Structures are given as C-alpha cells and as structure tokens.
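All values derive from a computational prediction rather than experimental measurement. Order of appearance sets the numbers: ligands from 1, and atoms from 1 within every ligand. What you see below is based on every heavy atom in this structure, not just the backbone, and it leaves out hydrogens, waters and symmetry mates.
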Amino acid sequence: MKIVSAKVIVTCPGRNFVTLKIQTDQGIYGIGDATLNGRELSVVSYLQDHVIPCLIGRDAHQIEDIWQYLYRGAYWRRGPVTMSAIAAVDTALWDIKAKAANMPLYQLLGGRSREGVLVYGHANGKDIAETVDEVGKYIDMGYKAIRAQSGVPGLASTYGVAGDKMFYEPADAALPTENVWSTPKYLTHTPKLFEKLRDTYGDGHEFLHDVHHRLTPIEAARLGKSLEPYRLFWMEDAVPGENQEAFRIVRQHTVTPIAIGEVFNTIWDAKTLIQEHLIDYIRTTVVHAGGITHLRRIADFAALHHVRTGSHGATDLSPVCMGAALHFDIWVPNFGIQEYMRHTEETDAVFPHDYKFENGYLIPGDTPGHGVDIDEELAAKYEYKPAYLPVNRLEDGTLWHW
Ligand code: CS2
Ligand code: MG
C-alpha cells in the first residue's frame, strides 16, 4: 500500500490545530495531530517542506521503518517540532493500518486491557470557595478524578484559573500576556485548598494538582510534604524537567506521587526520572512524543520501574490526538490516568469522533482506525489565528517559568 499524497490542514475552530492527512493508493487515508501550541506553523513547515516529500511512494505499512527514517535519517534528532511532525506521520500510519485491517487501533496494539479509560477533569476557581464548588460540579458530572487549581490571594491571575470554566484556553492572545507569580503566596495557599476539598467531599475521589514547573526542588519537596495528609493522586510538573536529577531532592522528602512529562518529546527526557524511580506517572502523549510507536517504547520502559502513564490531554491536543491516546490507554498495561479537557462544540464538529465519556471514563469506539476524522470543508472555514501562551514574572519583574 503506497503513500500517494499527504497534506497539512490548519484550522482554528476557537483555537489552532494542525492535522496531517496521508492518502494511499488503495483509497485508505489516515490522519495525525501535529499541533504544537503557540508554535504551530513551525511544524507545518517541517512537515510540508521536509517530511512529506520523503513520504511519497513509501509503503504505508512500514510504520517502524518510516519512524526510524524520520528520526535517525534527519540527523537532527528530538525536539518538540521534529517529534510532533514524526508523531503526526506515525498516528496517520497507525490509523491507515487499522483501517486496512478493519479493526479499531487498540486491537493492533494488543487489545483491550480494561473497560474504560479513567480520566480527570479540570476544576478551577478564583478562590478556594469557588474551586470547591467547581470540583462539586465535576463530581456531579460523574468524574472520579479531578484536578483542582485555585487563584492565589494577592495575585491578579494564576495558572489554570479560567474565565470559561468548561473550556479553559491558556493560549489567549495574539502576543503573550503577562502573569505575576509569587512562590511564597502559592505555597501558603495551596494546602488549604486540598484540606477544604477533603473536608467537603471526603475520600471517595482522586484529586490532582498542577504546579506548572514553578518551584525549585526544595520548594516542591515542601509542597509535596504539606499535601501528604490530603492524599493527592499526583503533584504535576513541580520543578522544570530539564535537569532530571533535581527530582532526587523532591523524592527524598515526600511520598506525594509525582507526575511530569507533558513537555517531554522522547524517552531521553525521562530516562533518569524513570530508571531512578523518581516519578510515579509519565505524562508524555501521542502528539508531542513521537506518536504511538515512541509512546509505546516509553511506556514499556516505565513499566519496568513501576511508573504508570498519565497522558497530557489539554485542549491544545486535538481530538485526533485524544482518539489515538485513548486506543493507547485502553491497551497499555501500566495505564494510570488520562487528562481530559473538553473541546468546544466547534472543535468537535471539525473533528467527528467516536469516543464518549461515561461515568468518569472515556471509552474509545470500535470504528476501524483511531476513530477520529476531519471535516475538511468545515475546517477551511476557520482561518489560522496567531495565539500565544502567557509568560510569567515574579513580583519584582524577573521572568519566571510559565
Ligand atoms: C497543562 C496545559 O494540561 C495541563 O496539564 O499544563 O494546560 C498546558 O499548559 C498547555 O497544554 C500548554 O500548551
Ligand atoms: Mg500540566
């Protein structure tokens, strides 16, 4: 089965998405997500100018060989742009193979290991009272696991606290907006939020929290320790991940489970973290970590070290990524949890899909392939709009981690 053409589709149904569509000589096509938030057009160019010309005429069934060709063959390895482009090709090829086999993708990976994929939703509020109410709404919707983020007294805005409670969209301006951050204020405030959540809702739900890479190792250790009484499912991205050894300090001090990986793009970003048992959950996902082929490699390595998966699933990962991730999740033996931020109705209409939310779980459908398509006519109506993530400064003006 030969690849005869491939094209990149850019659309903005409320936010930007980049999708690769690969067509074969047997009339079967596959699609893959290539969205890199705030840097979308660099992946478009990487695909159009450097990848697509190398794909034409290749056997669409040779997923592994094509992966190696794009990774090793480019000489310049790794990085979010390269790995998102490779992921898009890989996802589209798995979609094609599964359609050719007339099977849902999870069957090719090894079949279902579970009935549904446990997901967590995002509750947030301007203060503790509002956040506690928002968590209650997620509980009412059937969620078993909920991430909670709250505004911090004395800070005008905080990561994860949204205007629109259902559809949080951090890439909110044509040029980056600026937020102000104070670690001391945050560290004093956050344990109070989780204390209130446990007091209000008891022990029946999992609670998660995202620190968004804002602490030093010893500060993260302190936060993890202060959250221990409230039994978090995980503390996410406590420290920037470039220096993996930094997590040794966090690990020495706290038994709060540790998750990281949404900005990682290969197994090398997590090698020390995993092999030294410094984390509990690896958050790499299909689009930013080289597709199903590479994610499987990361998950297998993680399984040897008792690390489970917890894939990133924010709104900037398109329904195409979510569909593929769910096929992966329903199979992967060391599954932990899947993030699920709902897409808007406009986005869902551009990307018709067969996965559904039921009682705290997402269930992939049985359509051959990964179960997500793109309505190109509708996609064409939404033109690309520059949109950036914010930047973050300390109260004295120092640029900090967003
Ligand atoms: C976040 C994301 O979902 C998460 O855990 O950290 O909202 C992240 O900030 C965005 O996906 C960035 O593109
Ligand atoms: Mg995060």
Pi-cation contact, F328 with R296 (under 6.0 Å, within 45°)
no
Could you tell me if K99 sits above the aromatic ring of Y29, with its cationic atom closer than 6.0 Å to the ring centre and no more than 45 degrees from the axis?
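Yes, K99 lies over the aromatic ring of Y29.
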Looking only at N/O atoms, are [X] and ligand 1 under 3.5 Å apart anywhere?
| X | value |
| --- | --- |
| D316 | yes |
| H122 | no |
| N37 | yes |

Quick check for you: with the Mg ion (ligand 2) as the vertex, what angle do OD2 of D210 and OE1 of E262 span, to 10°?
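For OD2 of D210 and OE1 of E262, the angle centred on the Mg ion (ligand 2) reads 180°.
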So that I can check it, does any N, O or S atom in E236 come closer than 2.8 Å to the Mg ion (ligand 2)?
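An N, O or S atom of E236 is closer than 2.8 Å to the Mg ion (ligand 2), so yes.
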Heavy-atom proximity to atom 6 (O) of ligand 1, picking from R147, H213, E262, points to E262
Test side-chain contact (heavy atoms from CB on, under 4.5 Å) on Y106 and D366; report intermediate values, then the result.
CA-CA 9 Å; Y106 67 79; D366 278 325; 2.5 Å; yes
Pair D210, Y159: side-chain N/O donor-acceptor within cut-off below 3.5 Å
yes
More than 12 heavy atoms from other groups under 6.0 Å of NZ on K144:
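More than 12 heavy atoms, drawn from other residues, nucleotides or ligands, come within 6.0 Å of this atom.
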By number and element, which atoms of ligand 1 are closer than 4.0 Å to a non-hydrogen atom of [X]?
| X | result |
| --- | --- |
| R283 | 4 (C), 5 (O) |
| W402 | 9 (O) |
| D210 | 1 (C), 4 (C), 5 (O), 6 (O) |

Taking side chain as C-beta onward, heavy atoms only, is L105 less than 4.5 Å from I292?
yes
For [atom], which protein heavy atom lies nearest, and how many Å away is it?
| atom | value |
| --- | --- |
| atom 1 (C) of ligand 1 | Y159 OH, 2.9 Å |
| atom 9 (O) of ligand 1 | H212 NE2, 2.9 Å |
| atom 3 (O) of ligand 1 | E339 OE2, 2.4 Å |

Using ring centroids (six-membered ring only for Trp), state whether Y120 and F233 fall under 6.0 Å.
no
Aromatic rings Y71 and H294: how do their planes relate, parallel, tilted or perpendicular, breaks at 30° and 60°?
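Parallel.
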